[in-house]
Asker: 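Dropping a structure here in structure tokens format, bear with me for questions.
Just so it is clear, the values below take in all heavy atoms, side chains as well, and ignore hydrogens, waters and symmetry mates. Start at 1 with the first residue, then count along the sequence. What you see is a predicted model, and the numbers here were worked out from it, not measured in a lab.
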Amino acid sequence: MADTVPVTEPPRPTAPERTQLRAALAALHHAGAAVRLHPAGHRVRQDALRQFASRMLAAAAAGPLNLDLIGSQVVVDGDPVWADGDQDGILARLTRIGIGRLTVAPGVTAKALIAFAELLAQDPPRAAPDDDLVSRWQQLQLDGIDLRAAVGPAPAQVTATPSPWAALPPAGRAALDLEPAVAHELAANLPVVAARWLLADLEAAPVDGALVTARLTPLVAALLARREVSGCAWLVDAVQQHPAIAPETALAVRGRVQTAFAGPWLAELLADGSVDATALLALAMQLGEASVQGLIATAERVGRPLPAWLLDMIPKG
């Protein structure tokens with residue numbers, strides 16, 4: 001019997017390598033759009049091409065990339081890794097002229113990758129059909145990049161759904177620098193800030209109770225909607241202590257919070273564990289004995305009983 005030589009299959013890409021590949025394909029999409037929109041030498045165009053080359057070099061560093069082009073999808077070892085719905089994009093243009101596989105070798109250069117993207121992204125001359133890309137491709141002789149014709153039907157297992165966000169360019173340095181500021185603004189408790197301003201204004205120029213109630217009512221609703229337990233506790237105490245707020249107005253604010261505390265609002269907070277039980281107990285103690293007992297009973301009912309150490313904080317007698 002003749003000896004058989006085992007065929008060595010290239011290793012399947014790991015999860016980090018797939019992530020690098022998706023980033024490279026997203027950069028290719030962005031580079032194609034930049035080439036179509038901006039003239040040669042334009043900063044945006046050059047930056048997009050350089051970014052694509054950099055990311056594709058990183059993706060190909062571990063070994064050759066064999067990218068099967070099936071419709072709008074890029075498939076590696078039978079698994080979809082990218083879907084691109086841009087009919088004018090580089091990948092769509094390759095499939096349109098019958099290319100079924102794009103191979104990028106580890107030794108490819110950034111110069112070759114940029115020439116590849118520019119060739120396929122540029123609008124062809126009116127007299128030159130898409131097929132003319134083949135001859136222009138052969139003239140470039142780009143080492144490290146290989147194209148093969150599509151053969152056979154598309155695999156049945158390819159079912160990737162394109163994401164509408166997948167082709168967005170990655171965040172630049174300026175966007176990353178803004179992240180802490182955005183997070184700070186999202187975390188800001190604006191209803192509490194507005195309530196503080198309102199109470200401060202009332203100290204300088206008190207107005208009638210009906211108008212004050214009209215202003216406080218939506219603020220209470222906003223605090224409850226945002227699950228701002230500590231903010232509710234502060235506001236209940238602040239309006240009660242404020243010299244310019246009538247007792248009936250303070251009682252109305254307190255009553256709205258008590259009503260929420262006795263209803264599904266409290267049960268939902270306890271059920272999903274989104275609020276610290278200590279803050280809930282502090283608010284309940286401020287609202288009165290009935291709210292404290294309601295908190296204990298609701299916690300038991302939803303299967304999240306208060307710990308013994310927290311119950312010990314409740315005054316006895």
Asker: Could you pull out the closest heavy-atom pair between I114 and L49, with the gap in Å?
Answerer: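 In this case the closest contact between I114 and L49 is CG1-O, 3.8 Å.
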
Asker: How far does CD of E289 sit from OG of S291, to the nearest 0.5 angstrom?
Answerer: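 E289 atom CD to S291 atom OG measures 9.5 Å (nearest 0.5 Å).
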
Asker: Minimum heavy-atom separation for G41 to Q46, with atom names?
Answerer: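 What the structure gives for the nearest pair is N-OE1, 3.8 Å.
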
Asker: Would you compute the distance between atom CD of Q73 and atom OG1 of T95 and round it to the nearest 0.5 angstrom?
Answerer: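 One gets 11.0 Å once the value is rounded to the nearest 0.5 Å.
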
Asker: When you measure from the centre of the six-membered ring of W265, is the NZ or CZ of R227 closer than 6.0 Å and no more than 45° off the axis?
Answerer: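 No; the conditions do not both hold, so R227 does not lie above the ring face of W265.
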
Asker: Check whether any side-chain heavy atom of C232 sits under 4.5 Å from a side-chain heavy atom of L224, and report yes or no.
Answerer: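 With C-beta onward as the side chain, the pair touches.
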
Asker: Nearest 0.5 Å, please: how far is CZ in F261 from CG in L283?
Answerer: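 The distance works out to 5.0 Å.
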
Asker: With hydrophobic residues grouped by side-chain heavy-atom distances under 4.5 Å, do L266 and L235 end up in a single group?
Answerer: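 Looking at the clustering, L235 is in the same group as L266.
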
Asker: For a 4.5 angstrom cut-off between non-hydrogen side-chain atoms, does L306 reach L295?
Answerer: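 Contact flag for L306/L295 side chains = yes.
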
Asker: Work out which heavy atom in L219 is nearest to a heavy atom in A194; give both atom names and the distance.
Answerer: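 It is CD2-CB, 3.7 Å.
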
Asker: Is there side-chain contact between W82 and L91, with heavy atoms separated by less than 4.5 Å?
Answerer: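 Yes, at least one pair of side-chain atoms sits under 4.5 Å.
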
Asker: Suppose the criterion is side chain to side chain donor-acceptor pair (under 3.5 Å): which pairs have a residue in residues 235-248, not counting sequence neighbours?
Answerer: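 For residues 235-248: Q240-R254.
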
Asker: Quick check: closest heavy atoms across L28 and A117, and the distance to 0.1 Å?
Answerer: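 Closest approach of L28 to A117: CD1-CB, 4.2 Å.
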
Asker: What's the spacing between D146 CG and L142 CG if we round to 0.5 Å?
Answerer: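 With rounding to 0.5 Å, CG (D146) is 11.0 Å from CG (L142).
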
Asker: Could you tell me if the side chain of T217 sits less than 4.5 Å from the side chain of V253, heavy atoms only?
Answerer: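 No, too far: nothing below the 4.5 Å cut-off.
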
Asker: Closer than 3.5 angstrom, by distance alone: can the side chain of Q286 be matched with the main-chain N or O of A233 as a donor-acceptor pair?
Answerer: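 Yes.
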
Asker: What I'd like to find out is whether the side chain of L102 reaches to under 4.5 Å of the side chain of F116, using heavy atoms alone.
Answerer: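 Yes, their side chains come closer than 4.5 Å.
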
Asker: Could you tell me whether the side chain of H42 reaches within less than 4.5 Å of the side chain of P39, counting heavy atoms only?
Answerer: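 A side-chain contact exists here, since the closest heavy-atom pair is under 4.5 Å.
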
Asker: Applying salt bridge (charged side-chain N to carboxylate O under 4.0 Å, His left out) as the test, list every pair that has at least one member in residues 62-74; sequence neighbours left out.
Answerer: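 Qualifying pairs, neighbours excluded: D68-R101.
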
Asker: Can you list the steps and then say if L21 with L65 is a side-chain contact (heavy atoms from CB on, under 4.5 Å)?
Answerer: CA-CA 9 Å; L21 176 56; L65 294 175; 4.1 Å; yes

Asker: So does G294 get a backbone contact from the side chain of T298, meaning a donor-acceptor N/O pair under 3.5 Å?
Answerer: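 Side chain of T298 to backbone of G294: a pair is present.
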
Asker: Should the pair R45-D47 be classified as a salt bridge under the 4.0 Å nitrogen-to-oxygen rule?
Answerer: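 Here R45 does not pair with D47 in a salt bridge, since their nearest N and O are not under 4.0 Å apart.
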
Asker: Can you give me the closest heavy-atom contact between A60 and A105, atom names plus distance?
Answerer: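 For A60 versus A105, the nearest heavy atoms are CB-O, 4.1 Å.
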
Asker: Decide whether V229 and L223 are clustered together by the hydrophobic rule: side chain heavy atoms of Ile, Leu, Val, Met, Phe, Trp, Tyr closer than 4.5 Å, transitively.
Answerer: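 Linked within one cluster.
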
Asker: Tell me if a side-chain donor or acceptor on R22 pairs with a main-chain N or O of V81 at a distance below 3.5 Å.
Answerer: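 Indeed, once roles are kept as given, a pair shorter than 3.5 Å links the two residues.
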
Asker: Could you walk me through whether R148 and T103 pass side-chain contact (heavy atoms from CB on, under 4.5 Å), step by step?
Answerer: CA-CA 8 Å; R148 287 288 181 267; T103 299; 5.8 Å; no

Asker: Are L119 and L37 connected, step by step, through hydrophobic side chains (Ile, Leu, Val, Met, Phe, Trp, Tyr) whose heavy atoms are closer than 4.5 Å?
Answerer: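 No; tracing contacts between hydrophobic side chains, which count when under 4.5 Å, never links both residues.
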
Asker: Measuring from atom NE2 of H30 to atom CD of Q51, what distance do you get when rounded to the nearest 0.5 angstrom?
Answerer: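 The NE2 atom of H30 sits 6.5 Å away from the CD atom of Q51.
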
Asker: Do any N or O atoms from the side chain of T249 and from the backbone of I245 form a donor-acceptor pair under 3.5 angstrom?
Answerer: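 Side chain of T249 to backbone of I245: no pair is present.
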
Asker: Decide yes or no for L269 and L280: does some side-chain heavy atom of the first lie under 4.5 Å from some side-chain heavy atom of the second?
Answerer: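 With C-beta onward as the side chain, the pair touches.
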
Asker: Which distance, rounded to the nearest 0.5 Å, do you find between the CG of L281 and the CG of L310?
Answerer: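 Going from the CG atom of L281 to the CG atom of L310 covers 4.5 Å.
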
Asker: So, for I296 and I314, which heavy atoms are closest and what is the spacing to 0.1 Å?
Answerer: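 Looks like CD1-CD1, 3.7 Å.
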
Asker: Taking a hydrophobic cluster as the set of Ile, Leu, Val, Met, Phe, Trp and Tyr residues connected by side-chain heavy atoms closer than 4.5 Å, whether directly or through intermediates, do L287 and L311 fall within one such cluster?
Answerer: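 Looking at the clustering, L311 is in the same group as L287.
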
Asker: Is there a path from V35 to V44 through hydrophobic residues (I, L, V, M, F, W, Y) whose side chains come within less than 4.5 Å of each other?
Answerer: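 V35 does not cluster with V44.
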
Asker: Counting C-beta onward and ignoring hydrogens, is there a side-chain heavy-atom pair between R196 and W234 closer than 4.5 Å?
Answerer: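 They are in contact (side-chain heavy atoms under 4.5 Å apart), so the answer is yes.
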
